[in-house]
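Working notes, beginning with the structure itself.
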Amino acid sequence: VTSLQHTLKTGDWTLVSEYTHSFYDDDTVVDGYNTDLIAERLKYAWTDNFSTYIGQQVVLRGDPRLYNSQSDKLTSEFGLEYRFAQEWTAEVGEAIRWNGESATHLGLNTKIDDNSNVYIKERFTTREDNNGIGATSIVGGESRFAGGDGRLYSEYHVDSGLAGDQTRAVLGVGKRFHLGKGWSLDLGAERSQIKKREVTGDSSRSVVSGGWEYLGQKWLKLSQKLEVRYDDADSSVPQNNPCYTDTVYSNPDYCRNNLPGGADKLQLLTTNAMVLTFWEDHNLLTRFHLDSTENLTTGREEARHMEATFGYALRPVSWDWMNLLLKYTYLQDMRPIDLVDFREEREHSHVFTILPIFEVGAGFQLVNKFAFKRQFVRYDLLPEVESDTVLTIHRVNYHLTGTIDAGIEYRFLRNYLADDLKHGALVELSYILLEHARLGVGYNFTRFSDDELSDLDRDVGGFFFRVQGQY
């Protein structure tokens with residue numbers, strides 16, 4: 001999920017604008033779900049303690065599997081907020097989806113001190129054509145450590161609806177310690193638990209994480225992070241979809257004998273990075289990421305992703321008309337394609353990228369990308385297939401102001417195995433946050449991404465919002 005929000009306040013009026021892009025995918029979804037939406041909320045403060053608001057949400061792009069009609073994509077809201085004591089605030093609101101669904105929420109928030117607050121929320125929802133009513137109760141709190149270096153938080157949910165009753169509890173803590181001389185240490189832990197007897201049963205997740213960073217020298221940056229997740233599923237409730245389909249696998253005996261219940265899983269994630277600067281303008285870059293999921297119930301590694309990158313960046317200090325990035329990345333993926341018969345897809349790739357950037361004067365900037373990807377894919381026991389793909393992008397940016405750029409680009413994607421050529425344009429308006437970071441919103445007239453490390457077959461056309469970081 002990626003979101004961009006802008007708040008404009010003039011006198012007693014406050015206008016909040018938001019754009020959100022989300023993508024959901026798992027083993028049961030073909031091509032995943034892409035959703036883009038915009039929302040506006042206008043708030044007026046009648047007094048220091050009382051305000052009302054109205055809002056509208058519009059889904060710009062929604063998968064037809066989720067949105068059956070245009071009325072599914074429109075939601076209107078209104079509500080009020082009242083502060084009846086120095087530390088207490090109450091809120092009442094109503095959201096009406098144009099297909100007939102609605103949601104009513106009540107909230108109460110109290111500020112304990114400058115760094116702590118506790119809240120209670122109640123939400124009632126009705127389905128289309130009044131086919132069922134659901135309710136959610138939330139009690140939570142947050143305490144932020146002095147200096148903004150961490151927080152302690154907890155939340156408890158009680159849900160009821162057509163899918164049955166469910167309770168969920170989350171408790172977590174995270175803290176950064178400054179050790180001096182450029183060293184810092186990050187530690188965190190989170191525990192979540194779900195109780196739901198229908199369909200999925202009870203489950204829990206425990207997470208611990210640790211990391212460190214070194215920024216003590218201008219010419220050297222080092223960082224490392226390690227995270228461990230343990231999922232404890234209900235062994236008495238089958239978790240696999242075939243048990244609930246009209247196939248041979250839906251036979252109760254098969255489910256009982258072969259799919260006895262949920263699987264416990266252990267996930268390990270680590271990210272390591274280094275930036276070494278020499279001769280002031282030159283940078284060597286390395287990054288290594290690995291995540292692995294092991295099914296403890298079956299004793300098999302279920303999924304793995306590994307990414308190793310080595311690169312060189314030229315960022316001149318005394319002259320700024322050119323920047324250059326060269327990098328090589330090795331990718332390795334293993335994904336399950338059938339959790340019942342333990343079939344899997346294995347893939348590894350070599351990716352070479354060249355990215356030169358030129359400032360040509362009069363406010364114009366030229367950006368080009370040339371990427372070559374050699375990919376090896378093997379489905380289960382089938383022979384391995386080799387595929388070569390070339391991505392080229394030619395872009396012109398115009399600096400409207402010191403922080404806002406307007407860009408137009410044309411991109412080509414050529415796959416030699418399929419003898420296929422895709423091409424098209426993209427337009428974008430971007431806001432420069434920092435020297436090497438920017439926010440962008442635009443429209444992609446093609447269906448493929450500019451990220452050579454991603455799945456280039458995935459449909460990413462249409463409106464988009466992105467956050468970009470450069471080496």
- Query: Which atom pair, heavy atoms only, marks the closest approach of Asp320 to Glu359?
  - Reply: O-CG, 3.7 Å
- Flag the pair Glu384 and Arg378 as a salt bridge only when some basic side-chain nitrogen lies within less than 4.0 angstrom of an acidic carboxylate oxygen. no
- Message: Looking at Glu302 and Arg300, is any side-chain nitrogen of the basic one under 4.0 Å from a carboxylate oxygen of the acidic one?
- Response: no
- Heavy atoms of Arg191 and Ser204 approach each other most closely as NH1-OG, 3.6 Å
- Message: Tell me if the NZ atom of Lys9 is crowded by more than 12 foreign heavy atoms within 6.0 Å.
- Response: no
- Message: Please determine whether a side-chain nitrogen of the Lys or Arg among Lys265 and Asp231 lies less than 4.0 Å from a carboxylate oxygen of the Asp or Glu.
- Response: no
- Query: Which of these passes side-chain hydrogen bond (donor to acceptor under 3.5 Å, both in side chains) with Glu77: Arg97, His105, Gln56, Arg41?
  - Reply: Arg41
- What is the distance from atom CZ of Arg205 to atom CD of Gln193, rounded to the nearest 0.5 Å? 13.5 Å
- Flag if over 12 foreign heavy atoms under 6.0 Å of CZ, Arg123: no
- Show your reasoning for whether side chain to side chain contact (heavy atoms under 4.5 Å, CB included) applies to Thr14 and Thr7. CA-CA 7 Å; Thr14 302; Thr7 301; 3.8 Å; yes
- Task: Dump the intermediate steps for side-chain hydrogen bond (donor to acceptor under 3.5 Å, both in side chains) on Glu91 and Tyr53, then the final yes or no.
- Result: CA-CA 11 Å; Glu91 180 181 355; Tyr53 64 86; 3.2 Å; yes
Show which side-chain atoms of residues 182-190 pair as donor or acceptor with protein atoms under 3.5 Å away, not counting sequence neighbours.
unit_1 : atom_1 : unit_2 : atom_2 : d
Asp186 : OD1    : Arg176 : NE     : 2.8
Asp186 : OD2    : Arg176 : NE     : 3.3
Asp186 : OD2    : Arg176 : NH2    : 2.8
Glu190 : OE1    : Tyr153 : OH     : 2.5

- Exercise: identify the closest heavy-atom pair between Pro316 and Met322: CD-O, 3.2 Å
- Item | Asp159 and Thr136 side chains, donor-acceptor separation under 3.5 Å | yes
- Message: Return the CD1 to CG distance between Ile393 and Asp450, rounded to the nearest 0.5 Å.
- Response: 4.5 Å
- The ring-ring contact (aromatic ring centres under 6.0 Å, His included) partners of Phe145 (sequence neighbours excluded) come to none
- Is the closest side-chain heavy-atom distance between Leu15 and His6 below 4.5 Å? no
- Query: Does any non-hydrogen side-chain atom of Leu314 lie less than 4.5 Å from one of Asp281?
  - Reply: yes
- Item | Shortest non-hydrogen contact from Leu324 toward Leu326 | CD1-CD2, 4.1 Å
- Item | Side-chain heavy-atom pair Leu285, Thr309 within 4.5 angstrom cut-off | no
- What distance do Glu386 atom CD and Arg374 atom CZ have between them, rounded to the nearest 0.5 Å? 4.5 Å
- Message: Evaluate Thr297 against Asp264 for side-chain hydrogen bond (donor to acceptor under 3.5 Å, both in side chains), listing each step before the verdict.
- Response: CA-CA 6 Å; Thr297 302; Asp264 297 343; 4.7 Å; no
- Derivation of the side chain to side chain contact (heavy atoms under 4.5 Å, CB included) call for Glu409 and Asn444: CA-CA 10 Å; Glu409 70 179 48; Asn444 182 6; over 6 Å; no
- Query: Does Lys422 reach the main-chain N or O of Phe448 with its side chain, forming a donor-acceptor pair under 3.5 Å?
  - Reply: no
- Task: For the pair Arg335 and Glu347, find out whether any cationic side-chain nitrogen is under 4.0 Å from an anionic carboxylate oxygen.
- Result: yes
- Side chain proximity check, Ile138 to Tyr119, heavy atoms < 4.5 angstrom: yes
- Working to the nearest 0.5 Å, report the span between CD of Glu142 and CG of Asn115. 9.5 Å
- Does atom CG of Asp113 have more than 12 heavy-atom neighbours, drawn from other residues, nucleotides or ligands, at distances under 6.0 Å? yes
- Query: Do His21 and Phe464 have ring centres separated by under 6.0 Å?
  - Reply: no
- Message: Once ring-ring contact (aromatic ring centres under 6.0 Å, His included) is applied, do any residues pair with Tyr19, and if so which ones, sequence neighbours excluded?
- Response: Phe465
- Message: Donor-acceptor check, side chain of Thr401 to backbone of Ile404, threshold 3.5 angstrom: yes or no?
- Response: yes
- Min side-chain heavy-atom separation Leu222-Leu220 under 4.5 Å: yes
- Query: Gln224 and Trp212: side-chain donor and acceptor closer than 3.5 Å?
  - Reply: yes
- Query: So do the side chains of Leu296 and Glu294 get within less than 4.5 Å of each other, counting heavy atoms only?
  - Reply: yes
- Could you check Asp291 against His289 for side-chain hydrogen bond (donor to acceptor under 3.5 Å, both in side chains), going step by step and ending with a plain yes or no? CA-CA 7 Å; Asp291 59 76; His289 173 85; 2.9 Å; yes
- Would you say Lys175 and Asp149 make side-chain contact, with heavy atoms under 4.5 Å? yes
- Query: If every non-hydrogen atom of Ser387 is compared with every non-hydrogen atom of Asn415, which pair is closest and at what distance?
  - Reply: OG-ND2, 2.9 Å
- Contact check, side chains of Leu426 and Thr446, non-hydrogen atoms, under 4.5 Å: no
- ring pair (Phe, Tyr, Trp, His ring centres under 6.0 Å) between Phe372 and Phe370, intermediate numbers included: CA-CA 7 Å; Phe372 171 79; Phe370 307 93; over 10 Å; no
- Please work out which of the three classes, parallel, tilted or perpendicular, describes the rings of Trp279 and His282, given edges at 30° and 60°. perpendicular
- Message: Looking at every heavy atom in both Lys327 and Leu453, which two are closest together, and how far apart are they?
- Response: NZ-CD1, 4.4 Å
- Query: Aromatic rings Phe412 and His394: how do their planes relate, parallel, tilted or perpendicular, breaks at 30° and 60°?
  - Reply: perpendicular
- Query: What orientation do Tyr328 and Phe352 show, parallel under 30°, tilted 30 to 60°, or perpendicular over 60°?
  - Reply: tilted
- Item | Full working for side chain to side chain contact (heavy atoms under 4.5 Å, CB included) between Glu345 and Val377 | CA-CA 7 Å; Glu345 173 191 353; Val377 180; 3.8 Å; yes
- Item | Six-ring centre of Tyr416, Arg414 cation under 6.0 angstrom, axis tolerance 45° | yes
- Message: Any carboxylate oxygen within less than 4.0 angstrom of a Lys/Arg side-chain nitrogen, looking at Glu452 and Lys373?
- Response: no
- Parallel, tilted or perpendicular: which describes the rings of His350 and Tyr330, with under 30° parallel and over 60° perpendicular? tilted
- Could you go through the side chain to side chain contact (heavy atoms under 4.5 Å, CB included) check for Leu331 and His305 one step at a time? CA-CA 8 Å; Leu331 296 171; His305 172 75; 4.3 Å; yes
- Item | side-chain hydrogen bond (donor to acceptor under 3.5 Å, both in side chains) assessment of Ser292 paired with Glu301 | CA-CA 7 Å; Ser292 173; Glu301 185 181 26; 2.8 Å; yes
- Task: Look at the side chain of Thr270 and the backbone N and O of Lys225, then say whether any donor-acceptor pair between them is shorter than 3.5 Å.
- Result: yes
